[in-house]
Amino acid sequence: MQTISNTARADTANYLAALAFAERRALHSFFDQHVIEDAPGRYIAVDEGDYDALPMTIIDRVVHTVPGRMSDEF
């Protein structure tokens, strides 16, 4: 029998919400979208274009990256 705690469910729900936001945002951006663990069990999505260069404190917390999907090649 597998037991999943409410904390694990909440962590997963928070991650999936941040991932969905990053995927939606990537459709309309030239820049990569990063899902970052902001605090234990808390995730946010940031646009790479919002920063000059991502500081190492943010890079170390990246858990997933969605590539930007806009292109100038048309």
Side-chain angles (χ1 to χ4, degrees):
M1 179 175 156
Q2 183 177 7
T3 303
I4 300 175
S5 70
N6 288 338
T7 304
R9 285 185 185 151
D11 291 355
T12 301
N14 291 338
Y15 170 75
L16 292 175
L19 178 61
F21 183 77
E23 288 176 343
R24 283 191 311 269
R25 200 169 172 184
L27 293 172
H28 308 285
S29 178
F30 293 104
F31 300 101
D32 293 344
Q33 307 299 310
H34 302 288
V35 176
I36 295 172
E37 187 171 20
D38 191 36
R42 184 172 161 214
Y43 299 90
I44 60 172
V46 298
D47 188 317
E48 192 173 283
D50 291 343
Y51 301 91
D52 289 335
L54 291 176
M56 282 306 293
T57 56
I58 291 178
I59 291 172
D60 290 340
R61 295 181 290 147
V62 171
V63 293
H64 188 74
T65 298
V66 180
R69 296 199 172 103
M70 286 190 70
S71 175
D72 283 348
E73 297 182 11
F74 295 104

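Predicted model only: the values in this text are computed from it and were never measured.
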Participant: Remaining members of Phe21's ILVMFWY cluster at a side-chain heavy-atom cut-off under 4.5 Å?
Facilitator: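 Hydrophobic cluster check, Phe21: no partners found.
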Participant: Of the non-hydrogen atoms in Ala45 and Arg25, which two are nearest, and what is the gap between them?
Facilitator: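 Smallest heavy-atom distance, with atoms named: O-NH1, 4.2 Å.
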Participant: Do you know the tightest heavy-atom contact between Val63 and Glu37?
Facilitator: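 In terms of heavy atoms, the two residues are closest at CG1-CB, 4.4 Å.
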Participant: May I ask you to check whether over 12 heavy atoms, not counting those of Arg69, lie within 6.0 Å of atom CZ?
Facilitator: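 Yes, because the 6.0 Å sphere around CZ of Arg69 holds more than 12 heavy atoms from other groups.
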Participant: Rounded to the nearest 0.5 Å, how far does CG of Asp38 lie from OH of Tyr43?
Facilitator: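 Tyr43 OH to Asp38 CG: 11.0 Å, rounded to 0.5 Å.
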Participant: Can you tell me if Asp32 uses its side chain to pair, donor with acceptor, with the backbone of Gly68 under 3.5 Å?
Facilitator: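 Yes; judged by distance alone, with no hydrogens or angles, the pair exists.
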Participant: Do the side chains of Val35 and Val62 join up, straight or via other hydrophobic residues, at under 4.5 Å, putting them in one cluster?
Facilitator: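 Shared cluster, no.
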Participant: In chain order, what residues pass the side chain to side chain donor-acceptor pair (under 3.5 Å) check against Asp11, with sequence neighbours excluded?
Facilitator: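 Not a single residue meets the side chain to side chain donor-acceptor pair (under 3.5 Å) criterion with Asp11.
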Participant: Taking all non-hydrogen atoms of both residues, which atom of Leu54 and which atom of Ile59 are closest, and how far apart?
Facilitator: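 Closest approach of Leu54 to Ile59: O-CD1, 3.3 Å.
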Participant: Report yes if some heavy atom in the side chain of His34 is under 4.5 Å from a heavy atom in the side chain of Glu48; otherwise report no.
Facilitator: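 Heavy-atom side-chain distance check passes, below 4.5 Å.
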Participant: So, does Asn14 use its side chain to make a donor-acceptor pair with the main chain of Gly41 at under 3.5 Å?
Facilitator: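 Yes; judged by distance alone, with no hydrogens or angles, the pair exists.
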Participant: With heavy-atom distances below 4.5 Å as the criterion, would you say the side chains of Leu19 and Val66 are in contact?
Facilitator: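 Yes, side chains in contact.
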Participant: Which heavy atom of Gln33 sits nearest a heavy atom of Ala22, and at what distance?
Facilitator: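 It is CG-O, 3.4 Å.
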Participant: Kindly give the heavy-atom pair with the smallest separation between Met70 and Leu27, and that separation in Å.
Facilitator: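 For Met70 and Leu27, the tightest heavy-atom pair comes out as CG-O, 3.6 Å.
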